[in-house]
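To keep things clear, I will list the structure first and then write my remarks on it.
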Amino acid sequence: MSAVPSVQRVAFDESSFRYHGWKVVALCFVMAMFVWGFGFYGHAVYLAELKRQRGLDSTFLAVASTGYYLFSAVLVAFMQDFLSRFGPRRCVLAGVVALVVSAALLGAAYTPIAVALAYLVMAVAWATMSVGAITAMLGPWFQQKRGLAVSLALTGASLGGAVIVPVMLALGVRYGFATALMIVAAVTVVVLVPLVWWWGERPAVVPVSSAAGAKDHGSKIDLLRSAAFWSFTGPFAVAQMMQVGFLMHQVAAMLPRLGTTGAALSVSVTAVSSVTGRLMLGFLIDRIAPRRVSAALVLSQAAALGVIAWMPPSQTTLLVACGVFGLSMGNLITLPSMVIQREFPAAAFGRIVTLSTAICQFAYALGPGLLGTVVVLTGGYRPALAIFTAVHALAGIALLRKPKGGGQR
């Protein structure tokens, strides 16, 4: 089925700045910045503006956002197949086109059907430019430095929230919502398309160490039946569900205890910690035991949630807890690829990472709704977060267990 041409395996110096793979990392960094700005952090802007200016129901908009993640998760599951058949350049360019079209559709959306259509188109952009596509694109370029490459590329995601959303809001105040979307979309085209064209090819040769374990690991159905696959995908999916659930409710949970200024500060502390944690671990990630580190990070998040749930409303304590929680945020997206690299054949990396990413995305799309339901059932955020703490901790413990005969920890 794969249309990938035969490739030569040669030795590469991945530590050299002249190695083309680092240009692909730069491309993926910029790609992540724009797609997370539009396709993740931007949803808060869309919900507010479409409700305020167009009178659309906030419940519908929240459901549409969840549907967006679920639909794009289906596409992510097949992303490796798309990359193999069409190549990274065509896939990413298709994503850029989808991003621009979805921005135009959202700017002109006055009905629920129009919003749903815009989100469906944007889902194509998210699938072709977010974490599943990025890790699959970088996989053939790196072996020894793969963890660092993926970590640096995904740092662009945090920058998307820090840059794209504020710019979009500022332009919206001056020119209006629809015009702001199109201006940012136009900048995306001007910046990203040349980079994709110059640096978006797949390697004509691959690192010699990638020849190891060249046996294919089976179909997606085989993977879904594999205990080894679920031994890391299941816990990561639960952990990401808990993580995104808390992040989407963070302001609401903090407002009664810290006030408006404190709640906003808690979000800033979490975001800054996320970037810091990703950069700190990025330079060590290729030399660590990924399962053990992943378990430690999930357990640290669980501890932070426990503090937020039960400690007295001291601003310092709660902000420190948010900082601890944030240190693991980005790394829980990067680390699954490192587990795959250590425990599965190199030839199966792209297929496994995209399927695992899709399952995690299915899970975290349900996180905000799940936490909201638990809040209603338990009567408040403190008992609800205590339940999330326990589930989060179980996910961390589960990461330490894997079927016998796998790779190193």
Side-chain angles (χ1 to χ4, degrees), residues 34-76 95 98-127 129-130 157 160-161 164-173 175-185 188 240-255 260 263-264 267 271 361-376 381 384:
F34 282 110
V35 82
W36 257 268
F38 270 102
F40 186 81
Y41 297 106
H43 284 282
V45 178
Y46 311 148
L47 190 150
E49 293 300 315
L50 291 172
K51 180 182 178 182
R52 181 175 66 87
Q53 295 187 19
R54 314 284 169 82
L56 295 175
D57 180 65
S58 58
T59 301
F60 163 77
L61 293 171
V63 171
S65 181
T66 300
Y68 155 85
Y69 285 116
L70 294 177
F71 177 62
S72 60
V74 175
L75 299 178
V76 169
L99 202 61
V100 173
V101 172
S102 65
L105 290 172
L106 271 177
Y110 286 84
T111 65
I113 292 177
V115 173
L117 178 60
Y119 276 9
L120 285 176
V121 176
M122 190 180 289
V124 176
W126 181 257
M129 298 167 65
S130 63
I164 303 299
V165 171
V167 168
M168 194 183 299
L169 287 171
L171 290 172
V173 171
Y175 301 109
F177 174 61
T179 303
L181 284 175
M182 292 312 302
I183 292 173
V184 179
T188 303
Q240 291 185 28
M241 179 190 292
M242 301 296 105
Q243 175 175 279
V244 173
F246 170 71
L247 292 174
M248 293 300 105
H249 287 263
Q250 183 175 359
V251 172
M254 293 296 180
L255 270 174
T260 303
V267 174
Q361 186 170 314
F362 269 113
Y364 75 63
L366 302 176
L370 177 62
L371 180 54
T373 301
V374 176
V375 168
V376 172
Y381 275 104

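Below, each value reflects all heavy atoms present in this structure, side chains not excepted, and no hydrogens, waters or symmetry copies. Since we're looking at a predicted model, the values are computed, not measured.
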Can you tell me how far the CD1 atom of Ile183 sits from the CG atom of Leu171, to the nearest 0.5 Å? 5.0 Å
Test item: Gln243 and Tyr364 side chains (from C-beta on) under 4.5 Å apart, heavy atoms: no
Contact summary for Tyr68 and Gly39, nearest pair of heavy atoms: OH-O, 2.9 Å
To the closest 0.5 Å, what do you measure between CG (Leu56) and CG (Leu50)? 5.5 Å
Rounded to the nearest 0.5 Å, the CZ atom of Phe362 sits from the CE atom of Met241 at a distance of 11.5 Å
Are Thr188 and Val100 side-chain neighbours, meaning at least one heavy-atom pair lies under 4.5 Å? no
Interatomic spacing from CZ in Phe60 to NZ in Lys51 - rounded to 0.5 Å: 14.5 Å
How many angstroms lie between atom OH of Tyr119 and atom OG1 of Thr66, to the nearest 0.5 angstrom? 10.0 Å
Any donor-acceptor N/O pair, Tyr46 side chain to Val115 backbone, under 3.5 Å: no
Decide yes or no for Trp126 and Phe38: does some side-chain heavy atom of the first lie under 4.5 Å from some side-chain heavy atom of the second? no
Testing the basics here: between Ala125 and Val35, what is the closest heavy-atom pair and its distance to 0.1 Å? O-CG2, 3.7 Å
Does the side chain of Arg52 come within less than 4.5 Å of Phe177's, by heavy atoms? no
Give me the atom names and distance for the closest heavy-atom approach of Tyr41 to Gly160. CD1-C, 4.2 Å
Are any of the side-chain heavy atoms of Tyr381 and Phe246 separated by less than 4.5 Å? no
Least distance between heavy atoms, Ala73 atom then Gln361 atom: N-NE2, 3.2 Å
Closest heavy-atom pair, Ala180 versus Met168, reported as atoms and distance to 0.1 Å, is CB-O, 3.6 Å
For residues Leu181 and Ala103, report the shortest heavy-atom separation together with the two atoms involved. CD1-O, 3.7 Å
Measuring from atom NE2 of His249 to atom CG of Leu370, what distance do you get when rounded to the nearest 0.5 angstrom? 8.5 Å
